[in-house]
There are 2 protein chains.
Amino acid sequence: MSRPGLRERKKTETLRRMQEEALRLFEEQGYDATTIEQIAEAAGVSPSTFYRYFPTKEDVVVQDEYDPMIVAAFRRQPEGAAPIDAFRSALAEQFAQFSPEDMARLRGRVELVLSVPALRARQVQQVVATERMIGEMVAERTGRSPGDLEVRNFAAALIATWSAGILVWVEGGGQDDLTAVLGRCLDHLEAGVPL
Amino acid sequence: MSRPGLRERKKTETLRRMQEEALRLFEEQGYDATTIEQIAEAAGVSPSTFYRYFPTKEDVVVQDEYDPMIVAAFRRQPEGAAPIDAFRSALAEQFAQFSPEDMARLRGRVELVLSVPALRARQVQQVVATERMIGEMVAERTGRSPGDLEVRNFAAALIATWSAGILVWVEGGGQDDLTAVLGRCLDHLEAGVPL
DNA sequence: TATCAAATGATAGTTACTATCAGAAAGGGG
DNA sequence: CCCCTTTCTGATAGTAACTATCATTTGATA
């Protein structure tokens, strides 16, 4: 029953502080120019402690809570729906409950990740994991094998469209309605990406 | 007129030797367990020289000559053709002149890249660059802007399909006809990735 | 052969990351 | 309140990728 004890509170507090200071330093002096020592120093811990919380420097930035949320939303869609429609609904549901601050944070993070090669690389691993999850879910829904060429192709194309949409959205300054942009991407994909 | 002098021949020879020895060592003892020092030693050069040829350890493996070739083949396709058809032809033309040895090498390299996270990350940069080039070419052909949402989406989906096809091909042991696999992927994409 | 430019090797340094171990701090039982 | 166990932290030492710099060698050229 007992709420999180002092020990656990201290841990989450330390984690939050390290992330905050790290992002601040990255913005102030750039990602590469910021050392682990500086981050640890700013957060009032030793470098050893930093590595206990984050396996790599990149992980301070790239630790996605959104992808799993959207995958979960996808899973909640009715069984009968076409996979692409299920995904469309899942995206809409998810972003509908994002506050403007959430959107701004998302955009800021995407911009940082885009500007630092090491972070971009790390982000890709996340995306690949998400692609695999989607592939597995779709395989289950349609009664196909996860290794099926079309299942793989569907998942790959879906992720690609999703990413392209977010990129264009960020490049546009985050002014447009993200759900609408992604909707247009999905429509275009469903039509066979004609030009 | 004069053919490449001794100097240049030595350079390409050194490059080839370093790549060869690196791949051998990677296979024998693993990527991470192989140091630059060992590669340099095996190739009979100093570590300094290694870094003069390859900016990073990853670049010994990931330095694609195929992507540019396919982009060039794409560029050679008739102006009037639909972009997706142009790409289909470009792929077919390209792989048609691959020897079985080339195919085996391609497969081996893909497998190595897949198995090492650092290499996968590096490979992505290449793919992103290729995606951009395709986007620009398509924009030019269709008279649209390179930042156009549909142009971006087309390029992203195309690259995704391409990658998915190669992955499935490699997972199948490279037995299937790669051109056929990629053809099926493109057909599926053109149909709107239905499931 | 003498000269110039390019390629190489050697050295020293920075930084991300790992391994290990001793000490501090939190939790639970008497 | 004190002891004991567990968990977290800090310090130290080390590896290896990568950078910067400079002296040396080697291919090209006149």
Side-chain angles (χ1 to χ4, degrees), chain A residues 1-19 21-23 25-26 28-63 113 116-123 125, chain B residues 1-19 21-23 25-26 28-63 112 116-123 125:
Chain A
M1 288 301 126
S2 59
R3 299 152 309 159
L6 174 58
R7 196 165 239 161
E8 241 168 295
R9 262 180 296 151
K10 265 196 168 176
K11 268 180 78 173
T12 58
E13 179 54 28
T14 303
L15 183 106
R16 207 189 50 73
R17 207 168 56 245
M18 281 193 288
Q19 279 188 316
E21 295 297 318
L23 290 174
L25 287 168
F26 290 162
E28 280 178 23
Q29 34 177 305
Y31 179 82
D32 288 330
T34 303
T35 70
I36 304 280
E37 254 190 350
Q38 292 176 323
I39 299 172
E41 165 97 35
V45 297
S46 71
S48 307
T49 299
F50 178 92
Y51 281 111
R52 257 179 220 108
Y53 283 78
F54 305 103
T56 73
K57 186 176 171 185
E58 291 117 40
D59 285 272
V60 189
V61 182
V62 180
Q63 44 136 202
V113 169
V116 180
L119 291 177
R120 259 204 329 238
R122 185 73 184 72
Q123 176 74 22
Q125 293 184 253
Chain B
M1 289 295 131
S2 58
R3 300 150 308 160
L6 174 55
R7 194 166 238 161
E8 240 167 298
R9 262 180 295 149
K10 266 199 167 176
K11 267 179 78 172
T12 59
E13 179 55 30
T14 303
L15 185 106
R16 207 190 48 74
R17 209 167 54 245
M18 282 193 286
Q19 278 187 316
E21 294 297 317
L23 289 174
L25 287 168
F26 291 162
E28 280 178 22
Q29 34 176 298
Y31 179 82
D32 288 330
T34 303
T35 69
I36 304 280
E37 253 190 353
Q38 292 176 325
I39 300 172
E41 164 98 36
V45 297
S46 72
S48 306
T49 299
F50 178 92
Y51 281 111
R52 256 181 220 106
Y53 283 78
F54 306 102
T56 73
K57 186 176 170 185
E58 290 116 39
D59 285 272
V60 190
V61 182
V62 182
Q63 49 134 228
L112 176 59
V116 180
L119 291 177
R120 258 204 330 237
R122 186 72 184 73
Q123 176 73 22
Q125 292 183 252

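Per chain, numbering begins at 1; letters A, B, ... match sequence-line order.
Residue pairs satisfying the side-chain hydrogen bond (donor to acceptor under 3.5 Å, both in side chains) criterion with at least one member in residues 38-54 of chain B, sequence neighbours excluded, are listed as follows: S46(B)-T49(B). Pairs of residues two or more places apart, or lying in two chains, that qualify as salt bridge (Lys or Arg N to Asp or Glu O under 4.0 Å) and include a residue from residues 28-40 of chain A are R24(A)-E28(A).
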Anything under 3.5 Å between a protein N or O and an N or O of nucleotides 2-7 of chain C, put it in a table, one pair a line.
{"unit_1": "dA7(C)", "atom_1": "OP1", "unit_2": "K11(B)", "atom_2": "NZ", "d": "2.9"}

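Not counting sequence neighbours, the partners of R122(B) by the salt bridge (charged side-chain N to carboxylate O under 4.0 Å, His left out) test are D59(B). Every residue two or more places apart in sequence or in another chain that forms a side-chain contact (heavy atoms from CB on, under 4.5 Å) with A121(B) is listed here: A121(A). Residues passing the salt bridge (charged side-chain N to carboxylate O under 4.0 Å, His left out) test with E58(A): none are found, sequence neighbours excluded. Scored by the side-chain hydrogen bond (donor to acceptor under 3.5 Å, both in side chains) test, Q123(A) finds no partners at all (sequence neighbours excluded). Every residue was checked against the salt bridge (charged side-chain N to carboxylate O under 4.0 Å, His left out) condition with E8(B), not counting sequence neighbours, and none meets it. R16(A) meets the salt bridge (charged side-chain N to carboxylate O under 4.0 Å, His left out) test with E13(A), E20(A); sequence neighbours excluded.
In this structure, NZ of K10(B) is placed 14 Å from C1' of dG9(C), rounded to the nearest angstrom. The distance from atom CZ of R17(B) to atom P of dT8(C) is 10 Å, rounded to the nearest whole Å. The CG-C1' distance, from D32(A) to dT14(C), rounds to 13 Å in whole Å. Rounding to whole angstrom units, CD of residue E13(B) and P of dT8(C) are separated by 12 Å. Remark: P of dC17(C) and OH of Y51(A) are 5 Å apart, rounded to the nearest angstrom.
Of the residues V45(A), V60(A), L23(A), the one that meets the side-chain contact (heavy atoms from CB on, under 4.5 Å) test with M18(A) is V45(A).
In the region residues 34-46 of chain A, proximity to DNA chain C at under 4.0 angstrom, judged on heavy atoms, holds for T34(A), T35(A), I36(A).
A distance of 10.5 Å separates CZ of F26(A) from CD of Q19(A), quoted to the nearest 0.5 Å.
Cation-pi contact between K57(A) and Y31(A): present, with separation from the ring centre below 6.0 Å and deviation from the ring axis of at most 45°.
Contacts between chain A and DNA chain D, taken as any atom within less than 4.0 angstrom of a protein heavy atom, begin and end at dT6(D) to dA11(D).
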